[in-house]
Amino acid sequence: MQILINITLGLLILAMFLAFVRLVRGPSLPSRVVALDMMTALAVGIIAVYAVATRQTIFLDVAIALALIGFLGTVAFAYFVEKGELPWRKA
Amino acid sequence: MAESISLFLLLLGAVFMLLAAIGLVRMPDVLMRLHSSTKSATLGVGLIMLGVALFFNDFAIGVRALAIVVFMFFTAPVAAHMIGRAAYLSGVPLWEGTLSDEMRGHYDPKTHALAGEAQSPDSLSSGEPE
């Protein structure tokens with residue numbers, strides 16, 4: 001029981017490390033945005049598994065909020081990448 | 001019994017997310033990384049949330065898990081589409097082994113406008129020789 005949850009958390013943390021490697025190495029800004037999006041999904045998964053590990057269901061609300069914020073951040077980054085400049089700085 | 005099933009679902013979801021992360025590191029191209037991370041990570045989150053809902057076996061928790069799953073299934077394709085579009089339009093180079101790029105010549109990178117038919121090839125700003 002406990003060891004299975006530990007293995008699950010270990011796999012997720014390894015995946016988080018790999019996504020971080022792509023975040024550091026990524027040759028272009030969209031690659032880094034993809035890595036950040038992936039890390040948000042991974043954080044949602046880690047929070048859910050941690051909620052099972054500690055039997056605290058309140059963590060699921062944190063996961064909902066994090067999924068929302070991650071989507072907004074991804075959309076904002078995509079807008080920034082596509083326009084190439086901030087909208088209020090346009091001359 | 002339900003606990004073993006839910007733990008198995010958690011483990012399966014973590015394996016899918018690990019595969020998505022491996023694809024994120026190994027794939028050579030932004031669009032392929034997107035292909036790897038979006039679908040597999042969404043499936044992983046869905047499996048993990050199913051495992052959580054089975055583990056707690058409670059209506060309120062199940063609704064929260066379902067809300068997260070529905071939200072991820074709705075937002076992941078939209079976010080992936082926006083990143084892919086932004087990456088393509090900002091001229092990120094594709095993989096050198098890419099076989100077909102149907103947008104080439106149909107798009108003006110200066111004005112961000114789509115053209116109905118192919119422009120002359122020398123007006124392209126980037127792209128690999130065919």
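Values below: all heavy atoms of this structure, side chains included; hydrogens, waters and symmetry mates excluded. A note on names: the letters A, B, ... follow the listed sequences, proteins ahead of strands, and every chain is numbered from 1. All of these numbers come straight from a predicted model, not from anything done at the bench.
- Using a 4.5 Å cut-off between heavy atoms, B:Val25 contacts chain A through both its backbone and its side chain.
- Summarising the geometry, atom CD belonging to A:Glu82 is positioned 12.0 Å from atom CD1 belonging to B:Ile83; distances are rounded to the nearest 0.5 Å.
- B:Leu24 and A:Ala35 make their closest contact through CD2-CA, 4.0 Å (heavy atoms, listed as atom of the first residue, atom of the second, distance).
- Between chain B and the options A:Ala67, A:Gly10, A:Gly70, A:Ala63, the largest number of non-hydrogen pairs under 4.5 Å is found for A:Ala67.
- Residues A:Leu18 and B:Leu18 form a side-chain contact, since some pair of their non-hydrogen atoms from C-beta on lies under 4.5 Å apart.
- Contacts of A:Ile46 with chain B are absent, with no heavy-atom separation under 4.5 Å from either backbone or side chain.
- Note: the hydrophobic cluster containing A:Leu36 also contains A:Val24 (ILVMFWY, side chain heavy atoms under 4.5 Å, direct or indirect links).
- Contacts of A:Met16 with chain B are absent, with no heavy-atom separation under 4.5 Å from either backbone or side chain.
- Around the OH atom of B:Tyr88, the shell of radius 6.0 Å holds more than 12 heavy atoms that belong to other residues, nucleotides or ligands.
- The contact between B:Ile48 and chain A is made entirely by side chain atoms (from C-beta outward), counting heavy-atom distances below 4.5 Å.
- Among the candidates A:Thr74, A:Ile64, A:Leu4, the residue making the largest number of heavy-atom pairs closer than 4.5 Å to chain B is A:Ile64.
- Taking all atoms of both residues into account, the shortest heavy-atom contact from A:Pro30 to B:Val30 is CB-CG1, 3.9 Å.
- One hydrophobic cluster holds both B:Leu12 and B:Ile5 under the rule that ILVMFWY side chains link at heavy-atom gaps under 4.5 Å.
- Atom CZ of A:Phe71 has more than 12 neighbouring heavy atoms from other residues, nucleotides or ligands inside a 6.0 Å radius.
- Both the backbone and the side chain of B:Val52 have a heavy atom closer than 4.5 Å to some heavy atom of chain A.
- In terms of heavy-atom proximity, A:Met38 sits nearest to B:Ala21 at CE-N, 3.7 Å.
- The closest side-chain heavy-atom distance from A:Leu11 to B:Leu11 is below 4.5 Å.
- Once rounded to the nearest 0.5 Å, the distance linking CG of A:Leu14 with CD1 of B:Ile22 reads 7.0 Å.
- B:Met82 has its side chain out of reach of A:Val81: every pair of non-hydrogen atoms, C-beta onward, lies at least 4.5 Å apart.
- Taken to the nearest 0.5 Å, the CZ atom of A:Arg55 stands 7.5 Å off from the CZ atom of B:Phe56.
- The minimum heavy-atom distance linking B:Arg64 with A:Asp61 is given by the pair CD-OD1, 3.2 Å.
- Annotation: B:Phe71, atom CZ; neighbour count of heavy atoms from other residues, nucleotides and ligands within 6.0 Å is above 12.
- Within the 4.5 Å cutoff, no side-chain heavy atoms of B:Ser37 are placed close to those of A:Asp37.
- Atoms CG and CG, from B:Leu10 and A:Leu12 in turn, are 9.0 Å apart once rounded to the nearest 0.5 Å.
- In this structure, B:Met72 CE and A:Thr40 OG1 are separated by 8.5 Å, a value rounded to the nearest 0.5 Å.
- Heavy atoms of B:Met27 lying under 4.5 Å from chain A belong exclusively to its backbone.
- A continuous path of Ile, Leu, Val, Met, Phe, Trp and Tyr side chains, each step under 4.5 Å between heavy atoms, connects A:Ile3 with A:Val52, placing both in one hydrophobic cluster.
- Interface residue B:Ser90: only side-chain heavy atoms are found under 4.5 Å from chain A.
- Contact between B:Ala41 and A:Ala41 at its shortest, heavy atoms only, is CB-CB, 4.2 Å.
- With a 4.5 Å cut-off on non-hydrogen atoms, B:Met17 touches chain A through its backbone and its side chain both.
- Rounding to the nearest 0.5 Å places OG of A:Ser31 at 8.0 Å from CG of B:Asp29.
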